[in-house]
**Q** 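The structure is given below, and queries will be raised subsequently.
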Amino acid sequence: MCAIVGGGLAGFCAYATLRKGGLEPAEIVVLGTDPDPAAVWRIRSAAIRQRRMRSESDGHCAPSSFPGLAVRAALRRRSAAPLVQSVCDRYHPSVDEFLEHLEELRAATRWDESFQRSRVDRVRAVDGGFEVDGHGVFPHVLLAPGHPGLAWPDELAADSRAVHAYEPHDFADTVEIVGAGMAAATEWLNALAAGASVVSVRRREPERRPLNLPRELFSRRGLAGYHRSVAAERIAILERYGAPSYPAGRAWDEPVESARRGGRFRVASELNGAPQVVCATGFKRGFRHNPLLARLVAEHGLETAGEWIVLTPDSTVGSLTDAERTLALAGAPAQWAFPAADTLVGAKYAARRFHRKVSAWRTR
Ligand SMILES: Cc1cc2nc3c(=O)[nH]c(=O)nc-3n(C[C@H](O)[C@H](O)[C@H](O)COP(=O)(O)OP(=O)(O)OC[C@H]3O[C@@H](n4cnc5c(N)ncnc54)[C@H](O)[C@@H]3O)c2cc1C
C-alpha cells in the first residue's frame, strides 16, 4: 500500500511513524541501498569525528518527539541534569546515544521485514497511484533519497591533495580547510587536536547559531509565515539559511583562539598550496542533481522554483496528490515545505503528514 524510496534516516522516520499509526510491515515496502538506516549518516558523522549531535533531545527517529533522548539519558544516568539542560536548549545527545536508540527502534518496528535492497530509477504517476520501477503500483509513495552527492570546489575536483570532510581521512602537518559551516568548524578542532596547523579558507564569515536554522523556523508560527511567503521570498529565505553556520560557545572558540595565538590557525580567502586540502563544502544542491527527481519533474511537468521542487505545506507534490493517492518528499529535497527538512525534526515533519494522508485514505 505504501512505498518509501530511500532507506536513510528520513525514510526510517517515515517508516516508524507509519508503524506507530497501525500499519503492518507487510503494508509498507522500503526500497533502499543499505538495510542500515544510518549507513550513509554514520560514515559522514565518523569522518568529521562527530561526538555530539547538533540537534537536541527531539533529534531522534521515533514518531513522537517526547519523551526524547534527554529523558532517556536522565533515566539511565539517574540524574536530572539532561532534563535541566534540555529545558535550556543545551542538551545535545551523544552520537552513540542517538545510534543506540535508532538500533532499538529498527528492531521494534521490524524495519528489516519491509526493507528491499533496490535503487529506484523511476517513479511514474499511473491510474491508482505510482508505478515504482518494477516493484508495482502504490497509492502512497514517499521519496527520501537524501542529498544528491558531495559538493567539491571545481578547482579541487581532480586535485590529489583534496579530501572531502565527509569521507574518512587523517590530517597532514598543514591543512587548508575550505568552508565555514558545522563540518568545517568541527574539522578545525579535529586537525588542531591532531597537531596540524590549520588555514581556514573562506570567503565569508559564518553565522553562529545552535541549530542549522533559526529556531523560529522550527515553530508553528515561524513556519506559517514561511508558508505564506511567495516563491521569490521563499527562495531568498532558503538561500540565506543555506549559508554556513555553526554554534557559538567557548568549546568552539577557545581551541581556535589558542591555536591562533600559537601561530597554528589563520584565515585566508584563497588556497595557497598546503599539502592537504579538506573540502568541508557540504552537498550538491537541488533536484537537478538527483536523476530520480529530475526525471520525475521532467516527465510530469512538476512546478519548480530555483533548485527546489514546489511542495504543499504538508510536503506533498500538490499536482500528484489527492484523496486517492499521495506523493510526498522527505529529507533535503523537501525544503520547500519545511526549511529544516534535512534534520531529524524535519524528517518527522514530513513523516507525520505522510501518515495523515495514508490514514485518511484507509479510513474513508
Ligand atoms: C555529518 C552530519 C551530521 C548531522 N548531524 C545532525 C544532527 O545532529 N541532527 C540532525 O537533526 N541532523 C543532522 N544531520 C542532518 C540529517 O539528519 C542527515 O542529513 C540525514 O542523514 C538525512 O537523512 P536522509 O534519509 O534524507 O538521507 P540519507 O541518510 O543520505 O539516506 C538516503 C538513502 O536513500 C538512498 N537512495 C538514494 N536514492 C535512492 C534511489 N533512487 N533508490 C533507492 N535508494 C536511494 C541512499 O543510498 C541512502 O541510503 C547531519 C548530517 C550530517 C551529514
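Just so you know, ligand 1 is whichever comes first in the structure, and atom 1 is the first atom listed for that ligand.
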**Q** Looking only at protein heavy atoms, which one is nearest to atom 14 (N) of ligand 1, and what is the separation?
**A**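 The closest one turns out to be W41 NE1, 3.8 Å.
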**Q** Which bit of V40 is near ligand 1, meaning a heavy atom under 4.0 Å away: side chain, backbone, both or neither?
**A** side chain
**Q** Starting from atom 18 (C) of ligand 1, find the nearest protein heavy-atom neighbour and note its residue, name and distance.
**A**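 For atom 18 (C) of ligand 1, the nearest protein heavy atom comes out as D342 OD1, 3.6 Å.
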**Q** Among all protein heavy atoms, pick out the one at the shortest distance from atom 20 (C) of ligand 1; state its residue, atom name and that distance to 0.1 Å.
**A**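 Of every protein heavy atom, L9 CD1, 3.9 Å lies nearest to atom 20 (C) of ligand 1.
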**Q** I'd like to know if the side chain of D34 and the backbone of D36 have a donor-acceptor N/O pair within less than 3.5 Å.
**A**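 Yes, the answer is positive, given that a donor and an acceptor are paired below the 3.5 Å cut-off.
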**Q** At a 4.0 Å threshold, what atoms of ligand 1 neighbour a non-hydrogen atom of G331?
**A**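 Counting atoms of ligand 1 from 1, those under 4.0 Å from G331 are 26 (O).
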**Q** Is the F12 ring parallel, tilted or perpendicular to the Y15 ring (thresholds 30°, 60°)?
**A** parallel
**Q** Check whether any heavy atom of S118 sits under 4.0 Å from an atom of ligand 1.
**A**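 Flag set, S118 near ligand 1.
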**Q** May I have the step-by-step check of salt bridge (Lys or Arg N to Asp or Glu O under 4.0 Å) for R106 and E113, ending in yes or no?
**A** CA-CA 10 Å; R106 176 179 171 182; E113 291 178 34; over 6 Å; no
**Q** Counting C-beta onward and ignoring hydrogens, is there a side-chain heavy-atom pair between M182 and S245 closer than 4.5 Å?
**A** no
**Q** Whether R356 and D314 form a salt bridge (side-chain N of Lys/Arg under 4.0 Å from carboxylate O of Asp/Glu) is what I want to check.
**A** no
**Q** Identify, for atom 35 (C) of ligand 1, the protein heavy atom at the shortest distance, and state residue, atom and that distance.
**A**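 Answer, as residue, atom name and distance: T33 OG1, 3.8 Å.
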**Q** Should E270 and R202 count as an ion pair when the cut-off is N to O under 4.0 Å?
**A** no
**Q** For ligand 1, does Y166 get within less than 4.0 Å through its side chain, its backbone, both, or neither, judged by non-hydrogen atoms?
**A** side chain
**Q** Return the residue, atom name and 0.1 Å-rounded distance of the protein heavy atom closest to atom 41 (N) of ligand 1.
**A**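 Of the protein heavy atoms, V120 O, 2.8 Å lies nearest.
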**Q** Counting from 1, what ligand 1 atoms have a heavy atom of T343 closer than 4.0 Å?
**A** 11 (O), 12 (N)
**Q** Using a strict 4.0 Å threshold on nitrogen-to-oxygen distance, state whether R234 and E307 make a salt bridge.
**A** no
**Q** Before signing off on this row, confirm whether S55 and ligand 1 have an N or O atom pair separated by under 3.5 Å.
**A** yes
**Q** Provide the number and element of each atom of ligand 1 under 4.0 Å from a heavy atom of A10.
**A** 23 (O), 24 (P), 25 (O), 26 (O)
**Q** For ligand 1, which part of L31 has a heavy atom less than 4.0 Å away: the side chain, the backbone, both, or neither?
**A** backbone
**Q** Provide the number and element of each atom of ligand 1 under 4.0 Å from a heavy atom of G32.
**A** 43 (C), 44 (N)
**Q** Work out whether the distance between some heavy atom of A39 and some atom of ligand 1 is less than 4.0 Å.
**A**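 No, A39 has no heavy atom closer than 4.0 Å to ligand 1.
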**Q** Looking only at atom types and distance, does a side-chain atom of T109 sit under 3.5 Å from a main-chain N or O of A16, one as donor and one as acceptor?
**A** no
**Q** Would you check if the side chain of H300 reaches a backbone N or O of L296 as a donor-acceptor pair within less than 3.5 Å?
**A** yes
**Q** Could you tell me the residue and atom name of the protein heavy atom closest to atom 11 (O) of ligand 1, and the distance to it rounded to 0.1 Å?
**A**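 I find the closest protein heavy atom is L344 N, 2.8 Å.
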**Q** Around atom 45 (C) of ligand 1, find the nearest protein heavy atom and jot down its residue, atom name and distance.
**A**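 In this structure, atom 45 (C) of ligand 1 has G6 CA, 4.1 Å as its nearest protein heavy atom.
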**Q** Does R352 count as lying over the ring of Y349, i.e. NZ or CZ under 6.0 Å from the six-ring centre, within 45 degrees of the axis?
**A** no
**Q** Judged by atom type as modelled, is there a donor-acceptor pair below 3.5 Å linking the side chain of R325 to the main-chain atoms of A125?
**A**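 No; zero donor-acceptor contacts below 3.5 Å.
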**Q** Which bit of Q50 is near ligand 1, meaning a heavy atom under 4.0 Å away: side chain, backbone, both or neither?
**A** side chain
**Q** May I ask you to decide whether R250 forms a salt bridge with E257, counting only side-chain N to carboxylate O separations under 4.0 Å?
**A** no
**Q** For atom 37 (C) of ligand 1, find the nearest protein heavy atom and state the residue, atom name and distance (0.1 Å precision).
**A** P145 O, 3.1 Å
**Q** In ligand 1, which numbered atoms sit nearer than 4.0 Å to a non-hydrogen atom of R54?
**A** 7 (C), 8 (O)
**Q** Could a heavy atom of A144 be found less than 4.0 Å from some atom of ligand 1?
**A** yes
**Q** Closer than 3.5 angstrom, by distance alone: can the side chain of H92 be matched with the main-chain N or O of R54 as a donor-acceptor pair?
**A** yes
